[in-house]
Amino acid sequence: MNALLDPLTPAQREAVQHVDGPLLILAGPGSGKTRVVTHRIAYLLEQGVAAGQILALTFTNKAAEEMAIRLQPLVPGTSVWMSTFHRFAAKLLRAHAPLVGLSENFTIYDTQDSRHVLRRVLDELDLDTPHVTPERIVSAISRAKNNLVTAEEYARRPGDPLSRIVAKVYPAYQRRLLASAAVDFDDLLLHVAQLLRNCPEVRQTLDERYQYILVDEYQDTNRAQYVILRAMSIDYPNLAATGDPDQSIYGWRGADLNNILEFEHDFPDVRIVRLERNYRSTQRILRIADALIAHNTRRKQKDLYTENDEGAPVRLVAYGSHKEEAQGIVARIAKEVDAKRRRPRDFAIFYRVNALSRAIEDALHEQGIPYQMIHGQEFYQRKEIKDVLAYAELVNNPRDDAAFFRVINTPTRGIGKKSVERLTEHATRRGLPLLEAAREAGLVESLSSRAAVNVAKFVAMIDRIGEVSHGAVEEVLGTVLSASGMREILANSESEEDQNRLANIEELLTAAREFDTQNPGDSHLEAFLEQVCLVNETDDWEAETDKVTLMTVHAAKGLEFPVVFIIATEEGLMPHERSKNDLSDLEEERRLLFVGITRAAEQLQLSYAVYREFRGQRRRTVPSSFLMELPRHEMELVESRASSSFPAADWEVPDYERPHYEQPDDEQPDDAEKVVGSLIQKTTPEPLMTAALTTAAEMVGDAVDDRAAAATDRFVQGMAVTHPEHGLGKIVALSGDGPRRKATVAFVTAGEKKFVLSKSPLRPARRR
DNA sequence: TCATGACTAACTGTT
DNA sequence: TTAGTCATGA
């Protein structure tokens, strides 16, 4: 009788029917979260809540879009605002820019732009920073902003050497941004948080306007986002958060797991709904995921279950090389597609880092299988695109020095480094934006007359573009191309690269044209620029097109596919190199794999390559320690035949158990692969290792002998261990006691080696 | 002083 | 692989 509620389970219905008061939906993967959220919005509307009072915030454009699409059939033509945090913040800031010391035509700098600014600032400050890379400073500033620490506050705090440098750089960087009327991504949130804190009227207005706020992926909110949400939920505390601590994968961006873990403290009368039934994956996939995530210590226990079929075993494949991995996977896809059992769109391939996509792309290309790759902001990061946009930015915001630097000599027009330096000096002296300083080029004595003429021509060109800046966006960009000479130069170039650039620019013009059509009327340049820098290619991702999807595991969050391949499950990649020294980072990597695994509905394959090309060098890899945590007997273990060098025998263990699964006969094209025994030690319960992150050797270093003895005691026969050089291995023999205790270890890749435990860097492979 | 080509070092993830 | 730096020739 009620189309909204009838198709829901009791738990889902409880969440949907909740109207007033805080709500926390703990939603496991595949538990119908989006459905609950969209149905709840529809329900609110049905209860008489005005569409304008509802605000749905997500992290990605993709998620926002997905929500909008799913809401359409429930409430056709509704105008509930669904937006990413950053987009929401940008809109808000445009309306209140002066309150935070900005002009409303402010520019949003992406990561690349902000790094350039930082470089300039570093040059200017002339700091001697021997071991501190700009990268580290950038991320320190970013972290500070995400934690709402302003430049002034930062400078006041004592700290380590890095902090002391940052304390100098951060304020200078911030001054530079404000002088350029620019914000970086983090500023969008920081400024809004401060706005809400410092302007009670604004806060109150927004709180009242958005009485029903819904937040997706709450586990990924950082302090700034948290403060924004809290500030808008005081008079109308109807904040509805959905999230899953096990899917928190943005710690590096400042996401604070405490926000979700302590939601109950923040909102004492919160209603908590748990969605634990999984509608997506097979039992086998879910068990694998569950076994993996159970190794994390910092989590809220959830009992995921599904009533779906048992499903096919999860495959774990060892390929000989990254090429074989790519070709093997693509061959599998091709086979299924040819047999009309599946369509390209049923498949997704996930990887930890973007660089891994290349081999897969090549293989797909070779086989002529259509694919789409989600690659962050790749398109808008291209040099030629950024160049064109920078002209437009400069016209829109003449104080945008970063844009000025970008275009002043692009394409080259005889204004070299030295001339730009002199212009900059002049600008600093007079306290002018660079474009203004350039207008006075004739007055800058140090500037050669030739350079001065060129600068004057440049200014005239910018003004020419400025004349059309209030027209259609396509016209603006077209003028940029002709006035700057870019079009001519590229068109006359022989090189294929330049032809590609031209094609990319054409694509940008198409995007501009579409934007013009969607936003009739004039003066939309600013909106276009904002859209462009806050989108990523994900927006182009079409669930409807019939293509294989390639993306990072991060990008995969929130999506699902019938068949999922996760490649390169190797030490150093998954978990990533940089996470290995920190338990919480390592747990985040584990959650990342958990997210990847739980995207799969019907079939899942994890794989690694025994050899992988790395920075141009072929290197032997070590299988991911996470693989050791998966229930081996649930899986089909496959060794790709070409990888004959794989030393499976070394790795077989006495209590080795054959996989239950036999390959069905019709899987013939798989004959390049054969099922082998356990590549991976069965995950029998091992003694709980409390000090597992310290090796025995480390403990001897600064502790008494019996501690060392106790430490060597934790190594037991059959235990999986890792060695920094030899990688993953298992203990096959032990002798001696205390500090003299010795172990013989069989490594996956390096054969058998003997160690004095207290002196070796060996450590248990499974860390708890 | 500028442009170009060679060399080198770094390389996670996303808004 | 690529962006940034360095050296060289114009």
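Naming: A, B, ... by sequence-line order, numbering from 1 per chain.
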field: Distance in angstrom units between A/L447 CG and B/dT1 P, rounded
entry: 10 Å
- prompt: Under 4.0 Å between a side-chain N/O of A/T552 and OP1 or OP2 of B/dT12, yes or no?
  reply: no
statement: Checking A/L188, A/D186, A/L189 against A/K145 for side chain to side chain contact (heavy atoms under 4.5 Å, CB included), the one that qualifies is A/D186
Selected nucleotide, minimal atom distance to A/F185 side chain, candidates B/dT14, B/dT15, B/dT4: B/dT15
- request: Describe the nucleic acid contact of A/F59 in one word from base, sugar-phosphate, nothing, applying a heavy-atom distance below 4.0 Å.
  value: sugar-phosphate
task: Would you indicate, yes or no, if B/dT12 has its OP1 or OP2 atom less than 4.0 angstrom from a side-chain nitrogen or oxygen of A/R578?
output: yes
field: Whole angstrom value for the distance that separates P of C/dC6 from NZ of A/K418
entry: 14 Å
field: Length of the line joining A/R87:CZ and B/dT14:C1', which is rounded to integer Å
entry: 14 Å
- request: Send over the distance from A/Y380 OH to B/dT14 C1', rounded to a whole Å.
  value: 17 Å
message: Looking at A/H116, I'd like to know whether one of its side-chain N or O atoms comes within less than 4.0 Å of OP1 or OP2 on C/dA3.
response: no
statement: Separation of C/dG4 atom P from A/K417 atom NZ, nearest Å, is 12 Å
message: Once you apply a heavy-atom cut-off of 4.0 Å, does A/N409 come out as touching a base, just sugar-phosphate, or nothing?
response: sugar-phosphate
- prompt: OP1, OP2 of B/dG13 versus side-chain N and O of A/N354: anything below 4.0 Å?
  reply: yes
statement: Which of B/dA3, B/dT15, B/dT1 is nearest the side chain of A/S419? It is B/dT1
task: Take the protein atom CZ of A/R413 and the nucleotide atom P of B/dT4, then report the distance between them rounded to whole Å.
output: 14 Å
Distance, rounded to the nearest Å, where A/E217 contributes CD and B/dT15 contributes C1': 14 Å
Gap between atoms CD and C1', on A/E135 and B/dG13 respectively (whole Å): 12 Å
field: Pi stacking test for A/W252 and B/dG13: under 5.5 Å apart, planes under 30°
entry: yes
message: Under 6.0 Å between ring centres: does that hold for A/H365 and A/Y371?
response: no
Salt-bridge present (A/K580, A/E589; N to O < 4.0 Å): no
field: Reported CZ-to-CG distance for the pair A/R352 and A/L573, which is rounded to 0.5 angstrom
entry: 8.5 Å
- line: Contacts of A/I415 and A/H576 projected onto DNA chain B by closest heavy atom; the upstream (5') one is A/I415
statement: Of the listed B/dA3, B/dG13, C/dG4, the closest approach to the A/R352 side chain comes from B/dG13
field: First encountered from the 5' end of DNA chain B, between A/H554 and A/G416
entry: A/G416
field: Any donor-acceptor N/O pair under 3.5 Å between B/dT14 base and A/R253 side chain
entry: yes
- prompt: Say you draw a straight line from CZ of A/R599 to CZ of A/F594; how long is it, rounded to the nearest 0.5 Å?
  reply: 8.0 Å
- request: Would you mind checking if A/R501 and A/D498 are paired as a salt bridge, meaning a charged N to carboxylate O distance below 4.0 Å?
  value: yes
- prompt: Between the side-chain atoms of A/T111 and the base atoms of B/dT15, is any donor-acceptor pair under 3.5 Å?
  reply: yes
- request: Name the nucleic acid region contacted by A/S448, choosing base, sugar-phosphate or nothing; use a 4.0 angstrom heavy-atom cut-off, strictly under.
  value: nothing
